[in-house]
Amino acid sequence: MHIDPLEKQWVQIALGICAFFIGIIMLDALFHNINAPSNVETIDSARLHLSEEFAEQNLGVQVDGEGQVVVRMIAGRYSFLPKEISVPAETKMTFRWVSSDVLHGVHIPMTNMSTMVVPGYVAQVETSFPKPGEYPALCNEYCGLGHDHMWSKINVLEKDEWQQLQLSMNGADNDE
Amino acid sequence: MMNDSVERKLALSHMSVAFAAFIVACILGEYQVLERSGIFPALESPAVYFASVSTHGVLMAYVLTTFFIMGFGYYTASSTLKIPVWNPLLAWAGFWIALTGVVLAAIPLLSGLASVLYTFYPPVQADPMFYIGATLLVVGSWVWCGIMLVMFYQWKKDNPGQNVPLAMFATTANALLWLWTSAGVALEVVFLLIPWSLGWIDTIDPGLARTLFAWTLHPIVYFWLIPAYIAFYVFVPKQAGSFLFSEEAARAAFLVLVVFSLPIGFHHLYMDPEQASGWKLLHGIGTFIVTLPTFVTGFTVIASLEIGGRLRGGQGLFGWIGSLPWTNSMVLAVILSLLMLIFGGFGGIVNASYAMNAMVHNTAWVPGHFHLIFAGTTIIMYFAIAYYLWPVLTKKPLYSNNWALVQLWTWFIGICILTTPWHVLGLLGQPRRISSVAYNNLLTLSWQPYELAMIFGGLIMLGSAVLFIYILAKTWMSDVSETENDYVLEYAEPLHPVKNLPEYLNDFSLWNKTIAVLMAISFGIPILQFFFMDTFDSSAWGY
């Protein structure tokens, strides 16, 4: 068997390139905890309205007891509910997406908020948005003939602006 | 020389189906970029658009490829081994089973009853005839796999101690790859989709279905690509007036491709919630390993070309490139194919990168990438193979070499104009698989110029595709008939004669066992988990 010395060198270089890429990915995954949405959590997509977590009044942006921002969204043909939400910039938050019908996917352009929304499973993504602005959340998996029309609006506000909005909304709740 | 009329007829029949599917799908493709741009309101119709996308995908990915690979494989087997195709009657049965499958699937596809796209992700449900047709196509291809394996092992038995010719070694590797690859989607279709679409079972687990589909979804692209690599190794060096730089490296490249393309399908599921990150990382590592045979192929093929260029008088570091026979369609095709492979490979590494994938997943970047690698790198070699085989199969001279060169150049230019803006659209956040841009957001204004460029690129490709069919048809219908033995396939000779080839580079049994172990490791628990978790199935949905 004959393998040219130059070819052997090239194989070593190619192995080095692969090892370099794999190394960076493993470093980020294992030490910086940068992972794809992979929480393997099941839910009955036909009974979301009966689940406490995804009942209508719990959808959208909430701040839990520890001050962590949690966003709960339902993907259903042809909209993400709620249709419009406001979140703070430069704040770590957790998105929890579920489908009420078929397969969907969602991404927010120019950010790394991206996940498939598979019926029967909860898709959880942790992220933060560095730049304030008005972003669309777009359905990116074919879900039916109205697929093009499936999107929602995400307003990313400066931190203090968002806090004021939260306060005024809570105030409005108290007035009722 | 043996009478190969049976083999020639088999190859011509399979390839005719392949290229008929191809030209129909090209027309649909151009319609889709026009419809999507929104500049022709009369064309706007999601129902027609998604029926078209589904048909385009099925024709290109399943019909063109499978029939081309079968036809090319039959002729390669008989011409390299110098034996007739084993059991031609069975081969014809495979052809008709597969063709029946295509017709059965085409009826619901074209009538809008199977607009579930070629990935048919449940719980959106298509007409049962669509799933049954797709299954028959695969069953027909399994007949081909069986015949390739029988011919490989019969030849080995009759020629003990001899090396199986490289072209046949690679073709059999591809048959083996396809048997392993198609098992995943076969399990999905036979146990989930068909019983569910016929109403025998009420519900389906989309997570399990996606996992089984991911089993098939990566290695299938290597099933399509291997004929292009076969041409790289066994035709290109000779056409460039050169020798194959290393046959041993070629065999190793094919084996690593087959073994490592299988256990890595979860890079399609990076963004999916039903699989855990550990499995995704494992598949991600395998995805980088499978780039190795492509690195090796790039080196070996370019080295073979360089020897050819220098033998033809090329001097200096790059001078040999200019002295290559650029007017040889096979040589021109490989140069363009490798150029597209460099850019497509870069995009592929972005997709494979576990975390970075989040920025491009399911955006327009993805179809941009696979059109560059599939329609570009792979199909341009299918063209070159067709130009090379057609005179051999029809026993008539090629209608026009110059028009063939024009066709290859225009295809390359069309691909560049189509896929570059497509990638950019993805980076600008455009989702894939939309029939119009209906989002009320400023971002979408930046998409328009790129969509217009895509129409233009697609138009050039459609013109090129028509020219391709025209050249083949004119050749076939020509009155000029050459004497019997004017055209034979010339296979490249290795630069260094292959001596003392180890058995593991001349046989598959070790690799078959390796694949079985790797598949059990990478897919065992991820599939079994669905039977141990409390999962909630979905009922059927229309679209």
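Lettering of chains follows the sequences in order, A, B, ..., and the numbering in each one begins at 1. It should be emphasised that the depicted structure is a prediction, and the values quoted were computed from it without experimental measurement.
Only the backbone of B:L427 comes within contact range of chain A, judged by heavy atoms closer than 4.5 Å. Residue B:V498: no heavy atom, backbone or side chain, is found under 4.5 Å from chain A. Contact annotation for A:L145: both backbone and side-chain heavy atoms come within less than 4.5 Å of a heavy atom of chain B. Heavy atoms of A:I13 lying under 4.5 Å from chain B are absent altogether. Neither the backbone nor the side chain of A:I108 has a heavy atom closer than 4.5 Å to any heavy atom of chain B. The parts of A:A14 that come within reach of chain B are both its backbone and its side chain, each placing non-hydrogen atoms under 4.5 angstrom from that chain. In this structure, the portion of B:V116 lying under 4.5 Å from any heavy atom of chain A is its backbone and not its side chain. For chain B, the nearby part of A:M150 is the backbone; its heavy atoms alone come within less than 4.5 Å. Interface remark: B:L442 contributes no atoms to any contact with chain A (heavy atom separation under 4.5 Å). Heavy atoms of B:L443 lying under 4.5 Å from chain A belong exclusively to its side chain. Residue B:F266: no heavy atom, backbone or side chain, is found under 4.5 Å from chain A.
The choice from A:C139, A:P119, A:G146 that makes the most heavy-atom pairs within less than 4.5 Å of chain B is A:P119. Contact count versus chain A (heavy atoms, under 4.5 Å) is highest, among B:A355, B:P431, B:P46, B:A303, for B:P431. Here A:V102 is the residue among A:V102, A:V117, A:V11 with the most heavy-atom pairs under 4.5 Å with chain B. Note: A:P136 leads A:G120, A:G144, A:A123, A:P136 in heavy-atom pairs under 4.5 Å with chain B. For the options B:G429, B:P122, B:P273, heavy-atom pairs under 4.5 Å to chain A are most numerous at B:P273. Put simply, of B:L428, B:L501, B:I289, the one with the most heavy-atom pairs under 4.5 Å next to chain A is B:L428. Among A:P37, A:C143, A:A46, A:G105, the residue making the largest number of heavy-atom pairs under 4.5 Å with chain B is A:P37.
Contacts of A:V61 classified as side-chain contact (heavy atoms from CB on, under 4.5 Å), with partners at least two apart in sequence or in another chain: A:V69, A:V71, A:I85, A:V87, A:W162.
Remark: B:L292 CG to A:C18 SG distance equals 4.0 Å, nearest 0.5 Å. Within the model, atoms CD1 of A:I25 and CZ of B:F288 stand 4.0 Å from one another, a figure rounded to the nearest 0.5 Å.
Nearest heavy-atom pair, A:V118 versus B:P206, reported as atom, atom and distance to 0.1 Å: CG1-CB, 3.8 Å.
At most 12 non-hydrogen atoms from other residues, nucleotides or ligands lie less than 6.0 angstrom from CD of A:E66. By the 6.0 Å contact criterion, CD1 on B:I525 is open, its count of non-hydrogen atoms from other residues, nucleotides or ligands being 12 or less.
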Pairs table: donor-acceptor atoms between chain A and chain B closer than 3.5 Å:
{"unit_1": "A:M1", "atom_1": "N", "unit_2": "B:K499", "atom_2": "O", "d": "3.1"}
{"unit_1": "A:H2", "atom_1": "N", "unit_2": "B:E248", "atom_2": "OE2", "d": "3.1"}
{"unit_1": "A:H2", "atom_1": "NE2", "unit_2": "B:H496", "atom_2": "NE2", "d": "3.2"}
{"unit_1": "A:E7", "atom_1": "OE2", "unit_2": "B:T300", "atom_2": "OG1", "d": "2.7"}
{"unit_1": "A:W10", "atom_1": "NE1", "unit_2": "B:F295", "atom_2": "O", "d": "2.8"}
{"unit_1": "A:N35", "atom_1": "OD1", "unit_2": "B:Y354", "atom_2": "OH", "d": "2.5"}
{"unit_1": "A:A36", "atom_1": "N", "unit_2": "B:Y354", "atom_2": "OH", "d": "3.3"}
{"unit_1": "A:P37", "atom_1": "O", "unit_2": "B:K280", "atom_2": "NZ", "d": "2.8"}
{"unit_1": "A:S38", "atom_1": "OG", "unit_2": "B:K280", "atom_2": "NZ", "d": "2.9"}
{"unit_1": "A:V40", "atom_1": "N", "unit_2": "B:P273", "atom_2": "O", "d": "2.9"}
{"unit_1": "A:T42", "atom_1": "OG1", "unit_2": "B:D534", "atom_2": "O", "d": "2.9"}
{"unit_1": "A:R77", "atom_1": "NH1", "unit_2": "B:G542", "atom_2": "O", "d": "2.9"}
{"unit_1": "A:R77", "atom_1": "NH2", "unit_2": "B:G542", "atom_2": "O", "d": "3.4"}
{"unit_1": "A:H107", "atom_1": "NE2", "unit_2": "B:G429", "atom_2": "O", "d": "2.8"}
{"unit_1": "A:T115", "atom_1": "OG1", "unit_2": "B:M271", "atom_2": "O", "d": "3.3"}
{"unit_1": "A:M116", "atom_1": "N", "unit_2": "B:M271", "atom_2": "O", "d": "2.8"}
{"unit_1": "A:Y121", "atom_1": "OH", "unit_2": "B:D205", "atom_2": "OD1", "d": "3.0"}
{"unit_1": "A:Y121", "atom_1": "OH", "unit_2": "B:D205", "atom_2": "OD2", "d": "3.1"}
{"unit_1": "A:N140", "atom_1": "O", "unit_2": "B:N362", "atom_2": "ND2", "d": "3.0"}
{"unit_1": "A:N140", "atom_1": "OD1", "unit_2": "B:N362", "atom_2": "ND2", "d": "3.3"}
{"unit_1": "A:E141", "atom_1": "OE1", "unit_2": "B:N362", "atom_2": "ND2", "d": "3.2"}
{"unit_1": "A:E141", "atom_1": "OE2", "unit_2": "B:R433", "atom_2": "NH1", "d": "2.6"}
{"unit_1": "A:Y142", "atom_1": "OH", "unit_2": "B:S115", "atom_2": "O", "d": "2.6"}
{"unit_1": "A:H147", "atom_1": "NE2", "unit_2": "B:R433", "atom_2": "O", "d": "3.1"}
{"unit_1": "A:D148", "atom_1": "OD1", "unit_2": "B:S435", "atom_2": "N", "d": "2.9"}
{"unit_1": "A:D148", "atom_1": "OD2", "unit_2": "B:S435", "atom_2": "N", "d": "3.2"}
{"unit_1": "A:D148", "atom_1": "OD2", "unit_2": "B:S435", "atom_2": "OG", "d": "2.4"}
{"unit_1": "A:D148", "atom_1": "OD2", "unit_2": "B:S436", "atom_2": "N", "d": "2.9"}
{"unit_1": "A:D148", "atom_1": "OD2", "unit_2": "B:S436", "atom_2": "OG", "d": "2.8"}

